[in-house]
Amino acid sequence: MRTPLCDLAGVRHPVVQTGMGWVAGPSLVSATAEAGGLGVLASATMTLEQLESAVREVKERTDRPFGVNLRADAGDAEQRVELLIREGVRVASFALAPSQRLIGKLKDAGVVVVPSVGARRHAEKVASWGADAVLVQGGEGGGHTGPVATTLLIPQVVDAVDVPVIAAGGFYDGRGLAAALCYGAAGVAMGTRFLLTSDSRVPDEVKRSYLDASVSGTVVTSKVDGLPHRMLRTPLTDAAERGGVLRRLPDALRRAVEFKSMTGMTWRELITDGLATRKAQDLPLHRVLLAANTPMLIKRALVDGRPEAGVLPAGQVVGMIDELPSCEQLIDGIITEATRTLGRVHHLT
């Protein structure tokens, strides 16, 4: 099943594993790449040195193309871009729209640039700046790109831009891929579905919490760090929903200290990153301080195996997933089912 996304990224199948912090490490990315999809390393929770090590580990595990997800507002974004160019990474994806200059620098070096967007106007802007493709996430996904449903957003963007569109938000099987292709997308991107694979290093007991969740078992809240995120409903998220900003700030500051210690960042670097985030997303100062919550709370749940003390990010699709296949089994099954589904549609015509 070949689409423009396959040609652009050099992969066999139009399936993307998204760059989930603490989850999308070398093992998951290389397993996805070996299975014919586009694996994407999550760099936001890595230092520059850790990212360099992770990129090289992926290259040792597989000779297939892969990508790295970058924060366009990071204080060291320029150095990370140079690292991708130097290491020959095929795809650079961005959670926030990169500058036109940064897009040009990557493209001049032959790196494919794929920003993530949640609105048609954002897709039009980055496409006009030279982005090679756009990843468009509807409200069913992580909750941070806006509330518009994927089924409405994808056709809007497909009609508005002349670059391949990757559909995200609510995809987990071959029927979803077939539907996305019928809408005009060039492929699908999935986060939660890849988190719940045997190749994911998330602890098994944490995966069980996801498998036990229902479609209505998630909530989109901005009370954890001031930005909207979709996550599983837990006592911690319920407490955050009830609590005020002043009650949450002391915990946020403590976690900022934890994050600084873990990453080796200086206070100057941490403050610079915070101010860049504030400027990029037009946030009040107290919300920038709360932003220290998310990385550490996710780490507690997904890395330390303590979901009761952290948060569990999830797409709404979590309630449709009840098994933990390998990446190879997952992608093979998706392609087989999508081919069969599209064959039935063709028969009807």
Side-chain angles (χ1 to χ4, degrees), residues 1-46 51 53-70 84 87-95 111-112 114 116 133 135 137 141-142 164 166-174 176-177 180 185-202 207 210 302 313-315 317-318 321 323-338:
M1 184 175 291
R2 197 156 194 86
T3 74
L5 171 61
C6 300
D7 297 330
L8 187 65
V11 296
R12 297 199 312 274
H13 305 306
V15 177
V16 179
Q17 161 256 305
T18 59
M20 300 164 281
W22 305 117
V23 177
S27 59
L28 182 60
V29 170
S30 58
T32 302
E34 282 294 295
L38 178 64
V40 179
L41 270 173
S43 77
T45 50
M46 298 179 185
L51 175 59
S53 176
V55 167
R56 290 180 178 176
E57 183 177 344
V58 175
K59 290 166 68 174
E60 290 172 0
R61 288 170 173 264
T62 181
D63 59 0
R64 300 183 186 278
F66 65 97
V68 173
N69 183 256
L70 302 171
L84 266 60
E87 293 293 331
V89 173
R90 181 64 175 262
V91 176
S93 71
F94 288 88
V111 181
V112 175
V114 185
S116 298
L135 191 155
Q137 180 176 274
I166 305 165
F171 295 102
Y172 69 102
D173 65 1
L177 173 57
V188 296
M190 303 181 296
T192 305
R193 177 64 274 195
F194 276 101
L195 185 154
L196 294 174
T197 60
S198 60
D199 292 307
S200 162
R201 290 191 172 176
V202 171
K207 290 178 183 177
Y210 280 96
L302 298 186
V317 73
V318 66
I321 300 171
E323 59 180 354
L324 301 171
S326 67
C327 290
E328 182 178 16
Q329 291 169 332
L330 174 63
I331 293 177
D332 285 351
I334 286 174
I335 297 302
T336 298
E337 186 179 30

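For the numbers below, each heavy atom of this structure counts, side chains included, while hydrogens, waters and symmetry mates do not.
Closest approach of Gly21 to Leu302, counting heavy atoms only: O-CD1, 4.5 Å. Taking each heavy atom of Pro4 and Ala186 in turn, the nearest pair found is CD-CB, 4.3 Å. Of all heavy-atom pairs between Val23 and Val202, the closest is CG2-CG2, 4.0 Å. The nearest pair of heavy atoms linking Val112 to Leu8 is CG2-O, 3.5 Å. Closest heavy-atom contact between Ala167 and Ala180: CB-CB, 4.0 Å. Among all heavy-atom pairs drawn from Arg193 and Leu324, the shortest one is NH2-CA, 4.3 Å.
Separating the CG atom in Leu330 from the OG atom in Ser198 is a distance of 9.5 Å, to the nearest 0.5 Å. Note that the OH atom of Tyr172 and the CD1 atom of Ile334 stand 10.5 Å from one another [nearest 0.5 Å]. To the nearest 0.5 Å, atom CE of residue Met1 and atom CZ of residue Arg12 are 14.0 Å apart. For the atom pair CG of Leu51 and CZ of Arg56, the computed distance is 10.5 Å after rounding to the nearest 0.5 Å.
Under the 3.5 Å distance criterion, the side-chain polar atoms of Thr336 are left unmatched by any main-chain donor or acceptor of Gly333. With hydrogens and angles ignored, the 3.5 Å screen pairs a side-chain donor or acceptor of Lys59 with a backbone N or O of Glu87.
Side-chain contact check for Leu28 versus Leu195: every heavy-atom pair is 4.5 Å or farther apart. Using a 4.5 Å heavy-atom cutoff, the side chains of Val16 and Leu5 are in contact. Counting heavy atoms from C-beta on, the side chains of Asp199 and Phe194 never come closer than 4.5 Å. Contact of the Ser200 side chain with the Lys207 side chain is registered, since non-hydrogen atoms from C-beta on lie closer than 4.5 Å. Inter-residue side-chain proximity for Pro164 and Val114 is flagged as unmet; no heavy-atom pair is nearer than 4.5 Å. Counting only heavy atoms from C-beta outward, the side chains of Pro14 and Leu177 approach each other to under 4.5 Å. For the pair Thr32 and Ile331, the minimum side-chain heavy-atom distance is below 4.5 Å. Side-chain contact between Val40 and Thr18: absent, with no pair of heavy atoms (C-beta onward) separated by less than 4.5 Å.
Among pairs with a residue in residues 19-45, those fulfilling salt bridge (Lys or Arg N to Asp or Glu O under 4.0 Å) read Glu34-Arg64, at least two apart in sequence or across chains.
Between the side chains of Ser93 and Asn69, at least one donor-acceptor pair of N or O atoms lies under 3.5 Å.
Applying the side-chain hydrogen bond (donor to acceptor under 3.5 Å, both in side chains) rule to Tyr210 yields no partners; only residues at least two apart in sequence or on another chain are considered. Applying the side chain to side chain contact (heavy atoms under 4.5 Å, CB included) criterion to Pro26, with sequence neighbours excluded, gives Leu41, Ala54, Glu57, Val58, Arg61.
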Are Gln17 and Cys327 close enough, and set up right, to give a side chain to side chain contact (heavy atoms under 4.5 Å, CB included), and what steps lead you there? CA-CA 10 Å; Gln17 161 256 305; Cys327 290; over 6 Å; no

